[in-house]
Q: 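Structure in structure tokens, see below.
Sequence lines set the chain letters: A, B, ... in the order given, protein chains first and strands last, and positions in each chain run from 1. Please read all numbers here as calculations on a predicted model, not as lab measurements.
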2 protein chains.
Amino acid sequence: MSKNSASETAAIADAAPSDMVRKPRVREQKGWRHKDAVSLLRQMILSGELAPGYALREVAISERLGMSRTPVREAFRTLAAEGLVELLPNRSVVVAELDENESIDVFSVLGTLESLAGQQACQRMTPEQLERLEALQREMEEHYNNHDRASYIRANRAIHELMVEGSNNNALILAWRLILPRAERARSVNTLDRHRWAEALEEHRKIFAALAARDGLRLSSLMQDHFARGVIERMTDTKFKNRVRVRAGSAERAAEPVAD
Amino acid sequence: MSKNSASETAAIADAAPSDMVRKPRVREQKGWRHKDAVSLLRQMILSGELAPGYALREVAISERLGMSRTPVREAFRTLAAEGLVELLPNRSVVVAELDENESIDVFSVLGTLESLAGQQACQRMTPEQLERLEALQREMEEHYNNHDRASYIRANRAIHELMVEGSNNNALILAWRLILPRAERARSVNTLDRHRWAEALEEHRKIFAALAARDGLRLSSLMQDHFARGVIERMTDTKFKNRVRVRAGSAERAAEPVAD
DNA sequence: GGATTAAATCTTGCATCCAAAAGTGATCAG
DNA sequence: CTGATCACTTTTGGATGCAAGATTTAATCC
């Protein structure tokens, strides 16, 4: 046994000459450092704080996060796989561009995916999941009645997610999760107007009914409709025209997103 | 200038004391080492050489690839984002499991995505792309007449890809590319029987016609049908029942895949 | 013998270090 | 002044080193 363990070295440290002690490199944090980097960077990209075309320098980010470059570089790979950044050989990593159809495109994909998810959820969703869905639907209605926008949106998100999970289709869930963040990014300035809100709620009632009746075809067409209306509303919304400006905007907080 | 360059050090190496020379760490390869790791590991997972549940050890892989652990770890992040491996904290990276519906699930997702892609391609595909598509269609027909299976499949793949690209929808392309490898994995033992082959070709003729006519609705339903038939054929195919065995199989070569 | 646990070993997570590539000026010819 | 060239700086790609967690092995107790 030629090598002392760290604890042994530390124990005799103050009695030994200084070249015998070694500063122990402690791993202070649990979990994964690179996960933190992924969440922070994703958040910053989605909120627009890091604008498209922005070059990410490893040292700056690692210093900001108090970690070395290694986990930051790992985070870049994850973000690249999500299509949020582009890797340039021997050059900086660059925030992916948004093209002008981004919003329509993203919602059309999300729409078809959720339409399929609904269809499959009709066949595969467990009674427990359906029960939970009913509870969420009730909760959402309540938030609507209380004009509690934020809570409504949260419940709405949970419903959509639960339905996708109810499809029990791993590939579908994977693709959906991949696209979802882009929706946040694309719709960052859209808000939910009063009329559309009421309409969306009514659509959700029908969607739930179709799920409960396990009527896949009907659900599929309801979902298509639900998304189509959402996107159209976004396009004709006067606020929509401001969207492109967000690209350049830096640390500004994203507006409350619209519910689907 | 206190520090010698690596080349200078090497030049005087045999005349100098051995502690003065330092083995220069050369960056022998262009491109990214981690890209190599991604392709190899992906290939091995898709072919079944690395079976689900298999734990990947960093050192073993880095040695096999003649690189250090760093790029291998980066490759793991990419594969994790693709859902091909699962990261366990402080534990090995594990090849993702295949569930029993994998094949149906993956093709249903691919089907809806391509259906949407076709619809959007009708509106957005450039004349150049359409021309290229026509050439590919002719090429594919030729391969069919020559009974050149491998070439047929290659052309078929190219057509599907070109159509998806023709949608010009980044989110859609991203999701499609994410799922595509899983299709390879799911269908590894399926082959293309003579009857289905002729049928598939006929479907492709109609698909091309709809694209050329820019008839999005018709194209959408044709795609759905194309995929539905493919999947149904797979399910009733007697060879299908062997699929589950492949999970355990190790380095066996995957069979020629079916065309969609 | 089987359960428990402490020590040795292995593997991961990350910091750090080095060389190559890219970027940045400064210098100089025209 | 413009453009080319070369030294210097910055930044990336990846190899190496080390400590913490996980795993295996050995030892001990009941």
Q: Check step by step if side chain to side chain contact (heavy atoms under 4.5 Å, CB included) holds for Ser115(B) and Thr112(A).
A: CA-CA 9 Å; Ser115(B) 173; Thr112(A) 34; over 6 Å; no
Q: Distance check needed: dA21(C) P versus Leu88(A) CG, whole Å only.
A: 17 Å
Q: Within the 4.0 Å heavy-atom criterion, would you say Arg69(A) contacts the bases, only the backbone, or no part of the nucleic acid?
A: base
Q: From the list dT12(C), dG14(D), dA15(D), which nucleotide is the closest neighbour of the side chain of Met67(B)?
A: dA15(D)
Q: Can you tell me how far P of dT12(D) sits from CZ of Arg91(A), to the nearest Å?
A: 12 Å
Q: What's the NZ-P distance between Lys35(B) and dG13(D), to the nearest Å?
A: 11 Å
Q: Just how far, in rounded Å, is C1' of dG23(C) from CZ of Arg57(A)?
A: 12 Å
Q: Counting distance only, does the side-chain N/O of Arg182(A) pair as donor-acceptor with the main-chain N or O of Gly83(A) below 3.5 Å?
A: yes
Q: Give the rounded distance in Å between these two atoms: CD of Glu63(A) and P of dA15(C).
A: 12 Å
Q: Report the distance from atom CG of Asn90(B) to atom P of dC14(C), rounded to the nearest whole Å.
A: 8 Å
Q: For DNA chain D, what residues of residues 70-79 of chain A have any heavy atom nearer than 4.0 Å?
A: Arg73(A)
Q: Would you kindly give the CG-to-P distance between Leu87(A) and dG13(D), to the nearest whole Å?
A: 8 Å
Q: Which pairs with one or both residues in residues 159-172 of chain A pass salt bridge (Lys or Arg N to Asp or Glu O under 4.0 Å), sequence neighbours excluded?
A: Glu161(A)-Arg177(A), Glu165(A)-Arg177(A)
Q: Within a strict 4.5 Å, meaning less than it, do heavy atoms of the Leu50(A) and Leu41(A) side chains meet?
A: yes
Q: Can you check whether Asn169(A) reaches Asn101(B) side chain to side chain, under 4.5 Å on heavy atoms?
A: no
Q: Distance check needed: dA15(D) P versus His34(B) NE2, whole Å only.
A: 13 Å
Q: By the 4.0 Å heavy-atom rule, please label Leu56(B) as base, sugar-phosphate, or nothing.
A: sugar-phosphate
Q: More than 12 heavy atoms of other residues, nucleotides or ligands under 6.0 Å from CZ of Arg124(B): yes or no?
A: yes
Q: Can you pull out every salt bridge (Lys or Arg N to Asp or Glu O under 4.0 Å) where at least one residue sits in residues 82-95 of chain A? Sequence neighbours excluded, please.
A: Arg42(A)-Glu82(A)
